There are 2 protein chains.
Amino acid sequence: MIYAGRMPVTVLLVDDEPLVRAGLRAVLEAQSDIEVVGEAADGAAVIPLVRRLRPDVVAMDVRMPLLDGIEATRAVLRTVHEPPKILVVTTFENDEYVYEALRAGADGFLLKRARPAEIVHAVRLVAEGESLLFPASVRRLAAEFGDGGGNRAAREALERARLTEREGEVLRLMARGLSNAEIAARLVVGTETVKSHVSSVLAKLGARDRTQAVIAAYEAGFVTPG
Amino acid sequence: MIYAGRMPVTVLLVDDEPLVRAGLRAVLEAQSDIEVVGEAADGAAVIPLVRRLRPDVVAMDVRMPLLDGIEATRAVLRTVHEPPKILVVTTFENDEYVYEALRAGADGFLLKRARPAEIVHAVRLVAEGESLLFPASVRRLAAEFGDGGGNRAAREALERARLTEREGEVLRLMARGLSNAEIAARLVVGTETVKSHVSSVLAKLGARDRTQAVIAAYEAGFVTPG
DNA sequence: CCGGGCCTCCCCCGCCCGGGGGAGACGATC
DNA sequence: GATCGTCTCCCCCGGGCGGGGGAGGCCCGG
């Protein structure tokens with residue numbers, strides 16, 4: 001995984017709170033293979049900075065004045081050639097905006113309360129090109145309810161993830177390896193209906209395809225392996 | 001899941017050993033919702049029996065005289081309209097023939113040494129239309145190595161599943177949600193190569209698509225959730 | 001030396017998947 | 001009564017996926 005002599009990962013910090021920027025900078029600059037190349041306090045300043053600095057990763061807050069993280073993400077991806085990886089930074093897990101940002105093309109998200117090691121890890125991962133989805137956030141949902149796996153716990157977690165009851169059913173069947181047609185047969189509805197639910201699930205989980213959604217289900221303890 | 005007043009699941013037993021047939025019959029007939037409607041001692045007798053009895057499920061031995069389970073499975077699926085679900089019965093986990101049978105279109109497999117409750121469960125599941133893949137077999141691989149999750153244990157399990165080293169790498173990346181193109185980039189090979197490996201993995205695990213393969217990986221402890 | 005397994009890559013092809021957008025029906029809520 | 005969310009279904013469309021078959025290079029073991 002670690003290639004000797006590789007160039008350091010360059011990061012642009014975008015957050016309206018200086019304290020947060022300072023914290024991120026401190027955490028990231030402690031790593032020899034990560035370099036913070038710039039900072040911005042709002043979304044509007046991002047585009048020119050990205051063009052000038054060409055960072056590998058943009059750590060982007062969601063809630064910001066002038067231009068929020070979602071719009072900023074869209075703007076960067078739409079206007080910049082070979083855009084940087086975008087890591088959405090947020091205070092709350094299950095922030096609705098986070099999912100919108102992921103839909104807008106962000107590569108991952110990160111909780112501000114995450115431990116330094118996690119933050120560093122997240123930056124390295126997105127820099128490597130990996131879609132860093134549902135890492136701490138979704139997983140923590142299950143942890144909040146005991147050992148996550150029981151029926152009630154899973155149901156609670158599902159609500160927190162803002163999945164509707166039907167979407168939860170669909171996700172569970174997806175996690176058993178069923179195709180859309182098979183799920184439709186099982187639920188006695190049309191395949192188009194299932195497709196609709198699947199799309200909602202993918203959007204809400206920030207997953208790109210059903211495989212990632214199933215991974216999220218396992219990671220969150222929605223399904224019990226073994 | 002259980003619909004009141006549903007018709008019982010009808011099963012045809014195909015095995016060259018009378019003892020095995022008797023055992024299966026005893027186990028299955030103990031259930032009020034399962035009915036054994038016929039028996040055959042070799043693969044050649046299966047087709048006419050299926051046409052006449054129209055069973056919901058065929059419990060099919062792999063190693064049989066005249067026509068083995070693989071050829072019999074192919075024959076049934078090719079010649080019978082609205083074919084029954086086929087549950088492959090075998091003595092050995094990791095029997096190469098099992099995977100071939102799954103590729104031939106079988107809906108699941110079952111170990112003869114399985115507990116009665118597992119056997120009943122398997123029949124009900126395939127009757128419901130679920131592809132019953134890698135249930136005991138793959139899962140047991142991990143169980144043989146402690147709590148299955150460590151690096152060495154997973155590697156050993158992979159070998160048992162007859163996956164090559166490269167196929168194991170590909171499976172791990174699949175289980176992280178990567179697309180074929182992303183895997184290709186990560187491994188620095190062509191996408192056609194990755195597709196080739198993925199196909200091998202699917203065949204060996206008896207999975208229909210990458211999602212089922214990832215489920216197998218989680219179930220077997222190839223990847224550690226949480 | 002000649003298989004055989006593995007890794008690599010190629011072609012063609014059909015299908016399922018997922019995105020986008022829209023719409024009607026229902027119940028709850030305001 | 002109007003609005004919102006959910007569930008249901010529809011259209012079009014592109015792209016990734018998976019199957020099938022083939023092929024060349026490599027190393028190891030018979």
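Just the heavy atoms: all of them, side chains too, but no hydrogens, waters or symmetry mates, feed the values below. Quick caveat, the model's predicted, so the values are computed rather than measured. A note on names: the letters A, B, ... follow the listed sequences, proteins ahead of strands, and every chain is numbered from 1.
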Student: What is the distance, rounded to the nearest whole Å, between atom CD of B:Glu182 and atom C1' of D:dG16?
Tutor: 12 Å

Student: Which listed nucleotide (C:dC6, D:dC7, C:dG18) is nearest to the side chain of B:Thr164?
Tutor: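 Ranking C:dC6, D:dC7, C:dG18 by closest atom to the B:Thr164 side chain puts C:dC6 first.
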
Student: Among D:dC17, C:dG19, D:dG18, find the nucleotide with the atom closest to the side chain of B:Ser179.
Tutor: D:dC17

Student: What is the separation between atom CD on A:Glu192 and atom P on D:dC13, rounded to the nearest whole Å?
Tutor: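 Result: 15 Å.
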
Student: Taking atom C1' of D:dT6 as reference, at what distance in whole Å does atom CG of A:Leu163 sit?
Tutor: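 Atom-to-atom, A:Leu163 to D:dT6, this comes out as 13 Å.
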
Student: Between B:Asp209 and B:Ser196, who's closer to the 5' end of DNA chain D by nearest nucleotide?
Tutor: B:Asp209

Student: Would you indicate, yes or no, if C:dC17 has its OP1 or OP2 atom less than 4.0 angstrom from a side-chain nitrogen or oxygen of A:Arg208?
Tutor: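 For C:dC17, OP1/OP2 do not have a side-chain N/O of A:Arg208 under 4.0 Å.
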
Student: Under 4.0 angstrom, heavy atoms only, what part of the nucleic acid is B:Ser199 near: base, sugar-phosphate, or nothing?
Tutor: sugar-phosphate

Student: Please determine if A:Arg172 and A:Glu169 form a salt bridge, counting it only when a charged side-chain N lies under 4.0 Å from a carboxylate O.
Tutor: no

Student: Provide, to the nearest angstrom, the distance between the NZ atom belonging to A:Lys195 and the C1' atom belonging to D:dG16.
Tutor: 14 Å

Student: Of all the nucleotides listed (C:dC9, C:dC17, C:dC7), which has the minimum atom distance to the side chain of B:Glu165?
Tutor: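 Selected nucleotide: C:dC7.
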
Student: In whole Å, I'd like the distance from the CD1 atom of A:Ile183 to the P atom of D:dT8.
Tutor: 13 Å

Student: Quick one: pull up CG in B:Asp56 and CG in B:Leu87 and give me the separation to the nearest 0.5 Å.
Tutor: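 Nearest 0.5 Å value for the CG-CG distance: 12.5 Å.
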
Student: Taking only the side-chain heavy atoms of A:Arg210 (C-beta and beyond), determine which of C:dG18, C:dC7, D:dC17 contains the nearest atom.
Tutor: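 Comparing C:dG18, C:dC7, D:dC17 against the side chain of A:Arg210, the answer is C:dG18.
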
Student: Using the side-chain heavy atoms of A:His197, tell me which of these nucleotides is nearest: D:dG19, C:dG18, D:dC7.
Tutor: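 Output: D:dC7.
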
Student: Please report the distance, rounded to the nearest Å, between CD in B:Gln212 and P in D:dC17.
Tutor: 16 Å

Student: Can you check the B:Leu171 CG to C:dC7 P distance for me, whole Å?
Tutor: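 For the pair B:Leu171 CG and C:dC7 P, the rounded distance is 14 Å.
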
Student: A:Asn180 side chain N/O closer than 4.0 Å to the phosphate oxygens (OP1, OP2) of C:dC16?
Tutor: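 For A:Asn180, the contact criterion (side-chain N or O under 4.0 Å from OP1 or OP2 of C:dC16) is not met.
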
Student: Could you pull out the closest heavy-atom pair between A:Arg54 and A:Thr10, with the gap in Å?
Tutor: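 Closest pair (atom of A:Arg54, atom of A:Thr10, distance): O-OG1, 3.9 Å.
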
Student: In whole angstroms, how far is the P atom of C:dC9 from the CG atom of B:Leu187?
Tutor: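 Result: 10 Å.
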
Student: Check for a donor-acceptor pair, side chain of A:Asp209 on one end and backbone N or O of A:Gln212 on the other, with a separation under 3.5 Å.
Tutor: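 Such a contact is found between A:Asp209 side chain and A:Gln212 backbone.
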
Student: Nearest to the side chain of B:Leu202 - D:dG19, C:dC9, C:dC17?
Tutor: D:dG19

Student: Short question: side chain of A:Arg208, backbone of B:Gly177 - any donor-acceptor pair under 3.5 Å?
Tutor: yes

